[in-house]
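Remember, it's 1-based here, ligands and their atoms both numbered in the order they're listed. Small disclaimer: the values here were computed from a predicted structure and weren't measured.
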Amino acid sequence: MDLTHRPRRRRTDGLRPLVRETSVEASDLVAPVFVDATIDERMPIESMPGQERVPISETIARVEEIRATGVEAIILFGIPGSKDPRGTRAWADDGVVQEATRRIEHETDMYVITDVCLCEYTDHGHCGVLEEGACERAEGNEEGETAADGDAMAPETGEPALTIDNDETLALLAKTARSHAEAGADMVAPSAMVDGQVGAIRDELDRVGLEHTAIMSYAAKYRSAFYGPFRDAADGAPAFGDRRHYQMDPANSREALGEVALDVEQGADVLMVKPALPYLDVVRDVRENFDLPVAAYNVSGEYAMLHAAAEKGWLSLEDVAHESLLSIERADADLIVTYFAESVADRL
Ligand code: PBG
């Protein structure tokens, strides 16, 4: 037996750290923050233990807690005071994200990314304006859905196509991104999966002199059942129908490279793949095919399932959280949006 090569020699306590290929750093992590205009006290998010919605008055306190762990960036989600068919509170100057952003930029050194989408702001819960007649066609098709069912569980047949008006939504997303940037956001992150959204936002920002505001595109965003708990957190579940006509089919990977290429052409600064763990092949593909930084979004379901198992005593939460983020680093993402940001950074 030839044992010239004994890889175990490199696994001693002295050598292992020296030859370690990847690591999780606080500076790679982005923590999601939910600001809610309808509450005046912090509210825990049941399906995401340890996460909460905060009122605007608590924004700074929340951001400072995160900053104390070493995390230097957040992504802001807003729950507006009211909703309507077009999502007009999304681009209101006194909207919840705009207000929170102004305060954070004024009082902290946190890097602020804002999620740009309409699903939290529209009364129907879709990521844009509905095509004419879409509501009527979809009505009565699905009743009694819960956040945990997620719209991804909706049957793929038997109901007429429900979809959003792509081109009309573009202008609304551009307005929304612009209002976030005017409030001081460092980077805007369009997540609606509307064709042309990055270009429309880049044009609008440049037109009004906001050429320094960066864009992180949710370039390859899948129509995933792993977003279930987020719908609970941000109150953005579609009232009917699902998102399969705009988010990507989980069965596809080549298609992701096409989506990403379009966003690169339109001026994206950072390319995101979402979700992360079930799509690490896509993270790697994007890494290998493009030179821009790659972000991975370790989504609500990925977080909730580890918590649920840990609660049952089946997994060690701290260990699986760290290992999850390491695997995303190994796939070669540059930055990770994760609900574990605070707890993992705190232990580094
Ligand atoms: C808004 C948005 C969603 C998430 C981030 N931005 C929900 C969705 O697209 O259905 C999901 C994040 C998560 O699950 O953690 N469009």
Side-chain angles (χ1 to χ4, degrees), residues 29-35 45-53 74-80 83 87 90 96-97 113-122 124-129 145-154 162-164 169 172-173 176-177 180 187-194 197 201 216-250 259 272-279 295-307 321 324-325 328 336-341:
L29 305 179
V30 179
V33 171
F34 299 96
V35 187
I45 299 164
E46 207 183 326
S47 53
M48 298 171 68
Q51 302 295 312
E52 52 189 12
R53 299 185 186 191
I74 56 166
I75 182 162
L76 268 185
F77 294 93
I79 297 102
K83 305 188 186 214
V96 62
V97 165
I113 306 169
T114 58
D115 183 82
V116 175
C117 197
L118 299 179
C119 57
E120 295 103 347
Y121 302 87
T122 52
H124 45 72
H126 281 280
C127 301
V129 241
E145 242 193 301
T146 67
D149 293 335
D151 59 37
M153 303 305 286
L162 169 73
T163 190
I164 59 180
T169 301
L172 307 186
L173 293 172
T176 303
H180 292 177
M187 177 148 86
V188 292
S191 67
M193 286 304 276
V194 166
Q197 61 184 5
I201 290 172
M216 173 164 72
S217 71
Y218 285 70
K221 176 172 174 177
Y222 286 87
R223 179 231 181 191
S224 169
F226 284 97
Y227 306 152
F230 177 91
R231 309 265 156 97
D232 206 12
D235 200 16
F240 43 76
D242 61 62
R243 305 204 210 280
R244 71 176 184 268
H245 296 290
Y246 43 103
Q247 297 182 346
M248 281 182 59
D249 184 341
E259 279 281 0
M272 193 203 284
V273 174
K274 176 186 173 194
L277 295 178
Y279 296 84
Y297 197 139
N298 179 225
V299 302
S300 57
E302 300 174 52
Y303 177 83
M305 65 184 175
L306 296 190
H307 268 275
S324 296
L325 300 191
I328 300 169
I336 307 173
V337 180
T338 177
Y339 304 96
F340 288 117

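Ligand 1 lies less than 4.0 angstrom from a heavy atom belonging to K274. Assignment of R243 to the shell around ligand 1 is supported, since a heavy atom sits closer than 4.0 Å.
Near V299, the atoms of ligand 1 lying under 4.0 angstrom from a non-hydrogen atom of the residue are 13 (C), 14 (O), 15 (O). The distance from ligand 1 to the heavy atoms of Y339 drops below 4.0 Å at these ligand atoms: 12 (C), 13 (C), 15 (O). Ligand-side atoms of ligand 1 in range of F77: 5 (C), 6 (N), range being under 4.0 angstrom from any heavy atom. For ligand 1, the atoms lying closer than 4.0 Å to a non-hydrogen atom of Q247 are 8 (C), 9 (O), 10 (O). Every atom of ligand 1 with a heavy atom of Y297 under 4.0 Å away is listed here by number and element: 12 (C), 15 (O). Close contacts between ligand 1 and C119 involve ligand atoms 1 (C), 16 (N) [criterion: under 4.0 Å to a heavy atom].
In Y303, neither the side chain nor the backbone holds a heavy atom less than 4.0 Å from any atom of ligand 1. Both the backbone and the side chain of S191 come within 4.0 Å of ligand 1, counting heavy atoms alone. Proximity of S300 to ligand 1, defined as any heavy-atom pair under 4.0 Å, is shared by backbone and side chain alike.
Considering backbone and side-chain N/O of E120, none are found under 3.5 Å from N/O of ligand 1.
Residues Y227 and Y222 keep their aromatic ring centres 6.0 Å or farther apart.
Proximity of M193 to R223: side-chain heavy atoms (C-beta onward) are nowhere separated by under 4.5 Å. Residues I164 and L118 form no side-chain contact, since every pair of their non-hydrogen atoms from C-beta on lies 4.5 Å or further apart.
Listed by chain and residue number, Y303 satisfy the ring-ring contact (aromatic ring centres under 6.0 Å, His included) test with Y339 (two or more places apart in sequence, or in another chain). The ring-ring contact (aromatic ring centres under 6.0 Å, His included) check on Y121 picks up nothing, with sequence neighbours excluded.
The aromatic rings of F77 and Y297 sit tilted, their planes meeting at an angle between 30° and 60°.
A distance-only check finds no donor-acceptor pair linking the side chain of K221 to the backbone of M248 [under 3.5 Å].
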message: Quick one, T163 with H245, criterion side chain to side chain donor-acceptor pair (under 3.5 Å). Give me CA distance, side-chain angles, the key distance, then yes/no.
response: CA-CA 6 Å; T163 190; H245 296 290; 5.3 Å; no
